[in-house]
Amino acid sequence: MKKNLSENSPVFGVLASVMSIISGLAVGLIIMLIFNPEMAFTAFGMLLKGGFSNGLKSMGQVFHYIAPYAMCGLSVAFSFQTGVFNIGVAGQFTVGGMVAVLIGGMALGIPDPIRWIVAILLAGLAGVIWGMIPGLMKAFLNCNEVIACIMMNYISIYFSNWVIQTYFYDPTLVASKYVKSTSLLPRMGMDKLFPGSSASSAVFIALLFCIIIYILLYRTGFGYELRASGFNKDAAYYAGINEKRNIILVMLIAGFIAGVGGGMLFLSSQTKNFLVSEIAIVETSYGIPIALLALNNPIGVFCASFLLAWLTVGGTMVQSAGFPTETVETITAVIIYFSAFSLIFTQIIRKWHFKKDEQRKEEK
Amino acid sequence: MENIIEMRNITKVFPGIIANDDITLELRKGEIHALLGENGAGKSTLMSVLFGLYQPTSGKIIVKGKEVKMSSPNTANDLGIGMVHQHFKLVGVFSALENIILGVETVQNGFLKMNEAREKIIGLSEKYGLMVDIDEKIDNMTVGMQQRVEILKMLYRDNDVLIFDEPTAVLTPQEIEELIKIIRRLAEEGKSILFISHKLNEIKEVSDRCSVLRKGKYIGTVDTDSVTVEELSEMMVGRSISLHVEKTAAKPKDVVLSVKNLTVMPQTGKKEKVKNVSFDVRAGEIVCIAGIDNNGQQELVFALTGMLPSKGDITLNGEVMTDKSIRYRNTHGISHIPEDRHKHGLVLDFNISQNMILQTYFEKDFIKNGFLKFSDITKFSDKAIEDFDVRSAKGSTNIVRNMSGGNQQKVILAREIIRDHNLLIAVQPTRGLDVGAIEFVHKQLVKERDEGKAVLLVSLELDEVMEVSDRILVMHDGEIMANVRPENVTVQKLGLYMSGAEREEAV
C-alpha cells in the first residue's frame, strides 16, 4: 500500500471481507479434499465458475438470487448499524412472501397492471407489522428484541402455513397454488438478456433499496441520529435523542425491507410456490452473514449478495461432480463462518498497515 | 541504605508509543519513595512492569540484590511486593477478615481454620494502629476503612514492599492525615513504601525521596526536603506553571437555576440518592458541589439535565423544567459537560465535526429538508477547533477515538460552550487531564462566569474546589451539608462537612 490510509478507510473493510472469503473458500477446498480427493479440484473449479458455468442462464440465476439475499442482508445491516438487532428477518420475509402469493394468486378485484405493485407493497406492510411488534415490545416493555424476533420467526412459519392451507392450497404440491402470470414482477428485459433464468427487475429494486438506505444512513439527520444511537447508546441518550421512537422506526423500516424481499422472491417466477414446511425459507438464513461480510455497509451488502449468489449457482453445479448438495451447503456455511471474522481481519490489516507506516517513518 | 528494589533502565514500547523510556527507579529499605507524574507520564506502565503484567522491552529488575524476571503478579507476591490499587479489590458482602485471607486461607479437612488468621490480623492491626473491625462487612465500611483492609491484606501476606496507587484520591482531608500517619508507621517498622501520586503537597509531606516521570521519560530523583513544591511541579510538567486560577470577585446577578426540595432515586436500587435538596445558582457565579465520590452528585446532575426522573422543582430562568425532556432542556439553556466523556460525552467512532453537532444536528444551520449540510457543519466545526485549540492529526474529519483525553475534553468543552445556554453544568471537567489542559478548562469556566453565565461545577478535587469556585455546596449522602464561600472556609472544615461529621447551621 503506497497511499497513507486513514484509520477508518473503507479499504480495510473491503480487504477484510476479501480475506474472509478466501479463508472460507480455502477451508471449503480442504473439506472437499477429505470427502472426495479425486474430484475435489474439479468440483472446486465448478463452484468458483458460478455464473459462468452454464452460459447466460447461470448468470441470470445469479441476478435472480441477489435480490432476496440483498434484501435480507440490508434489513439486518440497517438494524445493526443503529444498535438494534433485527434477528427477525426470516419472519418478516416469510409473511411478506405469504401475502404476496395471496395477492398474486387470488382475484380480489385488483386490476392486473398494478397487481404486482399492490402485492409487493402489502408484502412490505406485512413485514412492517411483523417487525414492529418486537420494536414496540423493546421500546415500551424493555423486552429483548432478539428473543422477541426469534419467537416472531416461529409464529410466521406456522401462521403462514395456516393461511396458505386455508385459502390458497394445492395438496398435490404441498404448497400454495400457482400465482397468476400477470402478477409476476416485470422482467425489464432480463428474460431476453438471460434466457431460461428467473432474473427479473427484483435485482434493480434491491439495488435501489441499498442506495436509498445508504443515503438515509449517511446523508440525513435521521440517519445521523440512528448511527449515533448505534455507536453509543448512552451518548445518544445524553444528547436527547429519542431512543424509543427510533427503535420502533428502525424495526419498522427493517421489517419493510425484509417483507418486500419476501414478496419479490415469490413473484419472481410462477413456479416459486410457497411451500408448506416447518423449516424457515432458505434465503433468509443469508441475512446475518451478508451483513457481517459487508460490515453493515448497504453498498457492501449488495456486493456480498452478488458473491453469495455466485457461489449458490456454482454450488448447484458441484453436484454433477459427485458431491452431495450438503457439501455445498457446508462450504457456504464455512464462508459464512469466516465472514464473522471480518471485523477481526479488519483490525489485523489495520495494525499491519500502520506498523509498516511506522517502520517507514523510522527509516526516514 | 541498601536498595530493596532496583528497576534499571526500563523501556517499554507499545505499538506507536514509548510508554517508558529508559527509566531507573531505586527503592531503599524503610523509605517512603514517591513516584510523581501527570496522567499519561508512564507511572502505571512502570508499575505494571514491576508486577509482571507487562514484560519490559529492555532493562532489568533487581529485588533484594538479585535480578529477577517478573513473569506474573504471583512472582511479585512471592517476592513480598504488594499493592493497594486505586480501585479496591474487595468483596463487598464478605467481612474484613474473610477478604484478608481470601486466596491464602488455611484449611483443615476441608474446613476453614480462621482462628490463627484472626489472631495474626488483630495483632497486625494493633501494631500499625489501623483499628479495623475485622468482622464488619466491607459494604458497611467507609472508604478509608476499606483502604486499611487493603493494607492489612498486604501485611498479612508478609509483604515488605508496599505500593500505594493514588491512595488519597478517594479520601477526605482527615482520612488523608490518618493515612499518612499509618504510612509513616509502616516505614518506621521497616516496610518500604512506594507512593504514587500527582498531588504535590502530599508528596512533599509524606515522602523521603521523590522520582519524577514526564511523558514516559525519567526526569530525576530528589530528596523531598531539599525541593519546593514549585520545583517539583516544574519537574513534573516541564515548565513553571501557576497553580493559581486568576479571577476577579464574582458579581452574581439573577437566579438562573433554582432547585427546591429535589429528591432523586438512582437508576437501580431503592435508596434515595438525592434527599430533599434546595439551592440556587445565579448568573455570573461559579457554584461548586464538593463531596466524596458517590454521595449523590451524579444523580443530582442527571436530574437537572433530565437524564433521571426526579421529584421536586427544577426552575431554569423562571420556567419549571422538572418534567421536561432532555432535548427540551438542551435547547432551553442547559449545557452539560458530563462526568464520563467516553460513555456520555462523545460518540468515539464519529469524527470531530459529527460530535460537535450531537445536540444541534436538527437545527436549521445544519439541516435542510432532512439532509445534513456537510459543508456548513465542517465550517462550524473548523471554527470551534480553532477557537478551542483542539489538536488532532486531521481536524474536523479526525475520528475522536484516536485523540488524546485532553483534546477529547476540548471537543466537549467547545460544543457545550458554543451552544446557546445560560447554565453550564460541568462534572469533573479536569479528570484525567494534564496540567496544561486543566489550566485551559479552568480559564474557560471563569470566562463563562465573566460572560454572565451560571456555572455549576461538580468536583472531587478540593484544590480545584477552593481555587475555582465562588461558592461551595458540600454534599454528603444525598444532602447539602454546607453552603459556604471558599474564602471563609478551610480544607479541613470542608472535609468535616464532606464526611458528614458536621453540618452548617443555616442549611
Side-chain angles (χ1 to χ4, degrees), chain A residues 4-10 12-13 80-83 142 212 214-246 249 295-297 343 346-362, chain B residues 13 15-17 301-302 305-308 324-332 334 336-351 353-355 357-364 366-374 377 393-394 397-403 412 415-416 419:
Chain A
N4 248 327
L5 295 175
S6 78
E7 188 88 351
N8 56 330
S9 156
F12 294 120
F80 278 10
Q81 276 226 3
T82 65
N142 199 22
I212 290 173
Y214 181 87
I215 292 171
L216 177 79
L217 277 174
Y218 293 93
R219 293 277 175 264
T220 68
F222 179 55
Y224 170 88
E225 203 174 78
L226 294 180
R227 288 198 310 131
S229 304
F231 278 130
N232 186 347
K233 230 172 84 171
D234 296 304
Y237 180 66
Y238 154 88
I241 290 170
N242 188 340
E243 194 196 2
K244 285 184 179 172
R245 189 198 66 160
N246 285 352
L249 284 175
L295 297 169
N296 296 334
N297 182 309
L343 268 178
T346 320
Q347 272 156 12
I348 294 171
I349 295 170
R350 198 175 286 166
K351 227 177 233 170
W352 175 79
H353 172 77
F354 284 106
K355 212 172 182 180
K356 284 237 151 173
D357 233 34
E358 217 140 81
Q359 283 169 353
R360 214 172 296 133
K361 262 180 215 158
E362 271 169 26
Chain B
V13 182
I17 185 168
V301 168
F302 277 17
T305 53
M307 293 168 74
L308 266 183
K324 294 284 194 271
S325 69
I326 301 172
R327 174 152 298 170
Y328 188 88
R329 297 184 211 208
N330 277 347
T331 48
H332 289 76
I334 296 184
H336 174 199
I337 298 170
E339 177 178 1
D340 190 332
R341 58 176 162 264
H342 288 174
K343 187 176 178 193
H344 291 114
L346 296 165
V347 178
L348 290 174
D349 295 300
F350 273 175
N351 63 31
S353 71
Q354 288 168 318
N355 272 290
I357 58 166
L358 200 57
Q359 301 106 323
T360 47
Y361 63 89
F362 51 86
E363 289 178 355
K364 65 176 186 320
F366 302 128
I367 208 161
K368 195 178 172 189
N369 302 326
F371 286 84
L372 292 173
K373 298 198 279 188
F374 286 100
I377 293 168
K394 286 178 302 186
T397 57
N398 207 88
I399 298 292
V400 172
R401 190 183 289 284
N402 308 331
M403 293 162 57
I412 300 179
R415 182 182 72 206
E416 298 306 311
R419 256 175 59 204

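Each chain gets a letter, A, B and so on, in the order its sequence line appears, and its residues count up from 1. Note that these values count all heavy atoms, side chains included, but never hydrogens, waters or copies made by symmetry.
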Drop me the distance from [X]'s [atom1] to [Y]'s [atom2], to the nearest 0.5 angstrom.
X        : Y        : atom1 : atom2 : value
A:Arg227 : B:Phe350 : CZ    : CZ    : 4.5 Å
B:Leu358 : A:Tyr238 : CG    : OH    : 7.0 Å
B:Phe362 : A:Phe222 : CZ    : CZ    : 15.0 Å

Option that, when pairs with chain B are counted at under 4.5 Å, heavy atom only, ranks first among A:Ala236, A:Gly221, A:Gly223, A:Ala228: A:Gly221
Side-chain donor/acceptor of A:Tyr237 to backbone N/O of B:Ile326, under 3.5 Å: no
A:Asn232 side-chain N/O to B:Lys343 backbone N/O, donor-acceptor pair under 3.5 Å: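 Yes, A:Asn232 side chain to B:Lys343 backbone: donor-acceptor pair under 3.5 Å.
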Contact leader toward chain A among B:Phe374, B:Tyr361, B:Phe366, B:Phe371, where contacts are heavy-atom pairs under 4.5 Å: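 Answer, by heavy-atom pair count under 4.5 Å with chain A: B:Tyr361.
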Which atom of B:Val347 lies closest to which atom of A:Ala235, heavy atoms considered: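 Heavy atoms of B:Val347 and A:Ala235 come nearest at CG2-CB, 4.0 Å.
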Heavy-atom side-chain contact between A:Tyr224 and B:Ile367 under 4.5 Å: no
Trace of the side-chain contact (heavy atoms from CB on, under 4.5 Å) decision for B:Leu372 with A:Tyr218: CA-CA 9 Å; B:Leu372 292 173; A:Tyr218 293 93; over 6 Å; no
Atom group of A:Leu216 that falls short of 4.5 Å from chain B, counting heavy atoms: neither
Which atoms of [X] come close to chain A, meaning under 4.5 Å heavy atom to heavy atom: side chain ones, backbone ones, both, or neither?
X        : answer
B:Ile357 : both
B:His336 : both
B:Arg341 : neither
B:Glu416 : side chain

All side chain to side chain donor-acceptor pair (under 3.5 Å) counterparts of B:Gln354, not counting sequence neighbours: none
Qualifying residues under salt bridge (Lys or Arg N to Asp or Glu O under 4.0 Å), relative to A:Lys233, sequence neighbours excluded: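 Salt bridge (Lys or Arg N to Asp or Glu O under 4.0 Å) check on A:Lys233 returns A:Glu243.
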